[in-house]
K.L.:
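Mind looking over this structure? Questions follow.
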Amino acid sequence: MKAHFAMSARCDAWANGRLHAAAAALPEAHLRADLGAFFGSVQATLNRLLVSDVIRLARPRGRTPPAWPLDHVAHDDFAELRAAREALDDEVVRFVGAVCEPQLAGPSR
């Protein structure tokens, strides 16, 4: 089971890296343009993905989730947003790597 979670964490990090690399190739105006998506712009959507992951991944890592709404702008600057995404992905990969197989089985009944 641990191998599955480790592979998922690495895959998520890889996919997020590709997504941010593609976004980095966009001109600033295109990155921030309201494209009619649910969260408006590419920048806002990437912020929403980061915010939801920070909230969702807090408890398994022994943290209290921040009291952010899902449309919270964690980073208005794209370079800061990308760095925060990379840091979170790295932390999740390390966290999953440190988890013991019995922990993944859940509480004993």
K.L.:
Report, as yes or no, whether the 6.0 Å neighbourhood of atom CZ on Arg61 holds more than 12 heavy atoms from other residues, nucleotides or ligands.
P.N.:
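Buried by this count: over 12 neighbours within 6.0 Å.
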
K.L.:
Report the hydrophobic cluster partners of Phe38, with the cluster defined as I, L, V, M, F, W, Y residues connected by side-chain heavy atoms closer than 4.5 angstrom, directly or transitively.
P.N.:
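For the cluster that includes Phe38, the remaining residues are Phe39.
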
K.L.:
Which distance, rounded to the nearest 0.5 Å, do you find between the CZ of Arg82 and the CG of Asp77?
P.N.:
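Answer for the CZ-CG pair, Arg82 versus Asp77, is 12.0 Å.
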
K.L.:
What's the shortest heavy-atom distance between Ser41 and Leu31, and which atoms?
P.N.:
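Closest pair (atom of Ser41, atom of Leu31, distance): CB-O, 3.5 Å.
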
K.L.:
Side chain to side chain contact (heavy atoms under 4.5 Å, CB included) with Arg56: which residues, sequence neighbours excluded?
P.N.:
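Side chain to side chain contact (heavy atoms under 4.5 Å, CB included) check on Arg56 returns Asp53.
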
K.L.:
Hydrophobic cluster membership, with links at side-chain heavy-atom distances under 4.5 Å among I/L/V/M/F/W/Y: are Leu49 and Val73 in one?
P.N.:
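In one cluster with Leu49: Val73, no.
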
K.L.:
Taking Glu86 for its side chain and Gly17 for its backbone only, find out whether a donor-acceptor pair lies under 3.5 Å.
P.N.:
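Answer holds: no.
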
K.L.:
Taking the side chain as every heavy atom from C-beta outward, state whether His20 and Leu81 have any atom pair closer than 4.5 Å.
P.N.:
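They are in side-chain contact.
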
K.L.:
How long is the straight-line distance from CG of Leu26 back to CZ of Arg32, given to the nearest 0.5 Å?
P.N.:
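Rounded to the nearest 0.5 Å, the CZ-CG separation comes out at 12.0 Å.
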
K.L.:
Do Asn47 side-chain atoms and Ala74 backbone N/O form a donor-acceptor pair below 3.5 Å?
P.N.:
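Yes.
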
K.L.:
Can you tell me how far apart NE2 (His30) and CD (Gln43) are? Round to the nearest 0.5 Å.
P.N.:
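It is 14.5 Å, given to the nearest 0.5 Å.
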
K.L.:
Please round to the nearest 0.5 Å and tell me the distance separating atom CG of Asp12 and atom CZ of Arg85.
P.N.:
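Asp12 atom CG to Arg85 atom CZ measures 8.0 Å (nearest 0.5 Å).
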
K.L.:
About how many Å separate CZ of Arg18 and CG of Asn16, when rounded to the nearest 0.5 Å?
P.N.:
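The distance works out to 12.0 Å.
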
K.L.:
I'd like to know whether Phe95 forms a side-chain contact (heavy atoms from CB on, under 4.5 Å) with Leu57, so could you lay out the CA-CA distance, the side-chain angles of the two residues, the decisive distance to 0.1 Å, and finally the verdict.
P.N.:
CA-CA 10 Å; Phe95 172 78; Leu57 297 168; over 6 Å; no

K.L.:
Can you tell me how far apart OG1 (Thr45) and CG (Asp71) are? Round to the nearest 0.5 Å.
P.N.:
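One finds 11.5 Å between OG1 of Thr45 and CG of Asp71.
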
K.L.:
With a 3.5 Å distance limit and no angle check, can you tell me whether Lys2 reaches the backbone of Cys100 through a side-chain donor-acceptor pair?
P.N.:
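No; zero donor-acceptor contacts below 3.5 Å.
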
